[in-house]
Amino acid sequence: MFNETSLQEFRGSLRGSLYEPHDKGYDDTRKVYNGMIDKHPRIIVRCAYVADVILSVNFAMENNMLLSIRGGGHSASGLGTCDDGLVIDLSLIRYTSIDLQAGKVVAGAGCTLGDIDHATHIFGLATPTGFMSTTGIAGLTTGGGLGHLTRKLGLTIDNLLSVDMVLADGSFVTANAGQNQDLFWAVRGGGGNFGVITAFTFKLHPIDTVYAGPILYEMSEAEDVLKWYSKLIKEEPDDLNGFFAFLVVPPGPPFPEHLHLKKMCGIVWTYSGPLQKAEERFKQIRAFRKPSLDLAGPLPYPVLQSMFDALYPKGMNWYWRADFVNEINDEAIAEHIRFGNALPTMLSTMHLYPVNGAASRVAKTETPWVYRDATWVMNIIGVDPDPSNSEKITTWTKQYWEALHPYSAGGAYVNFMMDEGEERVKATYGDNYARLVTIKNKYDPGNLFRVNQNIKPDVKAGSAEP
Ligand SMILES: Cc1cc2nc3c(=O)[nH]c(=O)nc-3n(C[C@H](O)[C@H](O)[C@H](O)COP(=O)(O)OP(=O)(O)OC[C@H]3O[C@@H](n4cnc5c(N)ncnc54)[C@H](O)[C@@H]3O)c2cc1C
């Protein structure tokens with residue numbers, strides 16, 4: 001560990017802020033999104049510039065410190081922090097820059113998804129990200145990134161053009177299709193294993209007003225809804241996205257009082273094709289049967305993106321488990337309904353996010369994200385504000401996942417994992433795992449970047465990639 005003089009020199013060299021446990025603001029700064037995570041880093045550096053990131057990486061390396069990287073702090077497994085180590089907090093590196101001519105946006109690594117939507121929507125443009133605007137772009141992108149536009153535009157990584165990053169040896173590089181191609185391949189799904197990304201460049205698309213919102217049905221109709229939905233989502237053009245959910249209706253507007261706190265099922269639809277064709281498209285959906293609630297209509301894209309933010313503020317207790325899914329057969333539907341009827345708390349839910357459409361037309365080897373032939377990522381999500389319910393939500397989530405896992409396509413999605421062990425990380429990357437290890441050997445042989453869904457270097461094997 002370091003001595004006091006070197007720490008004071010380090011503190012003095014930064015433009016951002018450094019927090020030790022006795023510093024004012026430490027307790028607020030150490031908190032991450034998931035209230036279940038309660039870690040006490042030795043040092044938190046709120047970096048203001050790339051130089052601060054380089055200084056922090058060097059300090060951690062020289063002093064043999066555990067290092068974690070925090071973008072938006074949303075990792076449910078708490079990977080944006082650690083006990084006794086150094087946290088690189090990027091939340092001050094929160095700028096965006098648009099190049100309208102080239103159709104690109106550059107986002108600093110501290111941006112949330114909402115920051116990017118805010119910067120691009122004014123020009124009627126968007127890049128596909130996730131379902132909640134408070135999530136950090138950095139962790140979301142390095143894991144893959146799925147959301148309302150996945151069927152139309154692919155994953156977030158499929159729209160990533162370039163990154164700037166600090167490597168384990170403190171060097172600063174750009175990785176894209178023309179430079180450091182191996183690194184650019186690895187960061188598109190390989191998580192935070194390869195370095196600290198300080199800036200992302202994304203492709204922009206003309207997305208402005210979408211036709212979107214939840215359409216809800218009774219739990220007694222869940223079997224029919226799941227059968228109809230799972231067929232429909234495989235047949236519809238990419239313009240239509242919709243994730244299935246079991247949920248408890250929140251007790252407030254815009255939900256009518258007679259539905260408050262009722263367990264229901266439904267689909268959160270997003271149609272991102274020409275607006276004048278939306279009603280036509282929804283005629284078919286509405287013809288399936290009369291829903292109990294239909295809130296679908298035209299919405300500015302950022303309104304859709306932030307629709308769930310208020311329901312899930314920072315500090316709640318989260319436990320989730322996910323799998324890739326190809327088919328939902330009758331036995332799986334029966335298990336879904338059993339657990340859907342047993343949602344343990346008002347905010348607990350189960351989502352089936354489609355990853356077919358545009359995301360499935362990217363080759364399995366083009367990025368580390370190998371499950372390109374899956375239809376959905378199933379995410380079972382236990383959430384509650386009260387810590388005394390943590391065991392209840394965790395047990396429900398694990399039991400639900402164990403019941404459905406036999407019907408899954410296997411694998412996992414690193415962004416929806418807790419601490420599930422090395423085998424699950426390997427399963428996530430399938431045949432791409434060996435290549436990730438080779439790139440890890442080259443760029444981080446000492447595994448400095450290991451507070452993540454870790455790809456362990458195999459130093460004996462060396463690096464085969466040039
Ligand atoms: C409420 C909620 C909603 C979500 N919705 C979606 C969704 O719609 N779609 C989806 O795909 N995922 C979603 N996720 C999962 C989310 O993508 C991951 O939790 C992701 O890690 C969050 O990114 P972050 O920057 O906020 O996380 P952090 O906790 O800050 O970081 C998590 C990990 O990401 C890596 N990382 C972070 N920043 C960097 C960086 N600058 N350079 C290199 N590595 C870095 C590190 O390994 C770090 O440990 C959601 C999570 C939550 C809690």
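For ligands, and for the atoms within them, numbers begin at 1 and follow the listed sequence. Keep in mind that this is a model prediction, so the values were computed, not measured.
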Angle between ring planes, [X] versus [Y], binned at 30° and 60°: parallel, tilted or perpendicular?
{"X": "Phe324", "Y": "Tyr371", "result": "parallel"}
{"X": "Trp318", "Y": "Trp320", "result": "perpendicular"}
{"X": "Phe202", "Y": "Phe200", "result": "parallel"}

Check: Among Trp376, Tyr353, Trp369, which one satisfies ring-ring contact (aromatic ring centres under 6.0 Å, His included) with Tyr413?
Finding: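 With Tyr413 as partner, Trp376, Tyr353, Trp369 yield a single ring-ring contact (aromatic ring centres under 6.0 Å, His included), made by Trp369.
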Evaluate [X] for polar contact with ligand 1, using N/O atom pairs at a separation under 3.5 Å.
{"X": "Arg70", "answer": "no"}
{"X": "Ala109", "answer": "no"}
{"X": "Phe200", "answer": "no"}
{"X": "Gly72", "answer": "yes"}
{"X": "Phe416", "answer": "no"}
{"X": "Leu140", "answer": "yes"}
{"X": "Ile197", "answer": "yes"}
{"X": "Gly139", "answer": "yes"}

Among [options], which one puts a heavy atom closest to [atom]?
{"atom": "atom 50 (C) of ligand 1", "options": "Trp320, Phe449, Tyr33", "result": "Trp320"}
{"atom": "atom 30 (O) of ligand 1", "options": "Pro128, Gly71, Ala138, Gly80", "result": "Gly71"}
{"atom": "atom 7 (C) of ligand 1", "options": "Leu146, Asn193, Asp89", "result": "Leu146"}

Note the single closest protein heavy atom to [atom], along with its residue, its atom name and the distance in Å.
{"atom": "atom 45 (C) of ligand 1", "answer": "Ile69 CG2, 3.9 Å"}
{"atom": "atom 43 (C) of ligand 1", "answer": "Gly195 O, 3.2 Å"}
{"atom": "atom 16 (C) of ligand 1", "answer": "Thr135 CG2, 3.9 Å"}
{"atom": "atom 33 (C) of ligand 1", "answer": "Leu79 CB, 4.3 Å"}
{"atom": "atom 17 (O) of ligand 1", "answer": "Asn415 ND2, 3.2 Å"}
{"atom": "atom 44 (N) of ligand 1", "answer": "Gly192 CA, 3.3 Å"}
{"atom": "atom 11 (O) of ligand 1", "answer": "Tyr413 OH, 2.6 Å"}
{"atom": "atom 2 (C) of ligand 1", "answer": "His74 ND1, 3.6 Å"}

If you measure from each heavy atom of [X] to ligand 1, is any distance below 4.0 Å?
{"X": "Gly191", "result": "no"}
{"X": "Gly73", "result": "yes"}
{"X": "Trp318", "result": "yes"}
{"X": "Tyr312", "result": "no"}

Next item on the list: Working to the nearest 0.5 Å, report the span between CD1 of Ile233 and CD1 of Ile267.
Entry: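 Separation between the atoms: 8.0 Å.
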Check: Do Arg321's NZ or CZ and the ring of Tyr319 fall within the cation-pi criteria of under 6.0 Å and 45°?
Finding: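 No, Arg321 and Tyr319 do not form such a contact.
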Under a 4.0 Å N-O cut-off, is there an ion pair linking [X] with [Y]?
{"X": "Arg15", "Y": "Asp52", "answer": "no"}
{"X": "Asp84", "Y": "Arg42", "answer": "no"}
{"X": "Asp99", "Y": "Lys104", "answer": "no"}
{"X": "Glu422", "Y": "Lys426", "answer": "yes"}
{"X": "Arg424", "Y": "Asp323", "answer": "yes"}

Note to self: Test salt bridge (Lys or Arg N to Asp or Glu O under 4.0 Å) on Arg11 and Glu20; report intermediate values, then the result.
What the structure shows: CA-CA 10 Å; Arg11 190 193 282 268; Glu20 291 185 80; 2.9 Å; yes
What atoms in ligand 1 come closer than 4.0 Å to a heavy atom of [X]?
{"X": "Gly136", "answer": "23 (O), 24 (P), 25 (O), 26 (O)"}
{"X": "Gly130", "answer": "7 (C), 8 (O), 9 (N)"}
{"X": "Val451", "answer": "47 (O), 49 (O)"}
{"X": "Leu90", "answer": "41 (N)"}

Margin query: ring-ring contact (aromatic ring centres under 6.0 Å, His included) for Phe131 and Phe308? Distances and angles first, verdict last.
Written below: CA-CA 8 Å; Phe131 298 103; Phe308 306 109; 7.7 Å; no
Margin query: Check whether Tyr26 reaches the backbone of Pro41 with its side chain - one donor and one acceptor, N or O, closer than 3.5 Å.
Written below: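 Such a contact is found between Tyr26 side chain and Pro41 backbone.
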Notebook entry, point to check: Which pair of heavy atoms, one from Lys314 and one from Lys31, lies closest together, and at what distance?
Noted result: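 Smallest heavy-atom distance, with atoms named: NZ-O, 3.4 Å.
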Margin query: For the aromatic rings, using the six-membered ring if either is Trp, is the centroid distance between His351 and Phe243 under 6.0 Å?
Written below: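 Yes, the ring centres sit under 6.0 Å apart.
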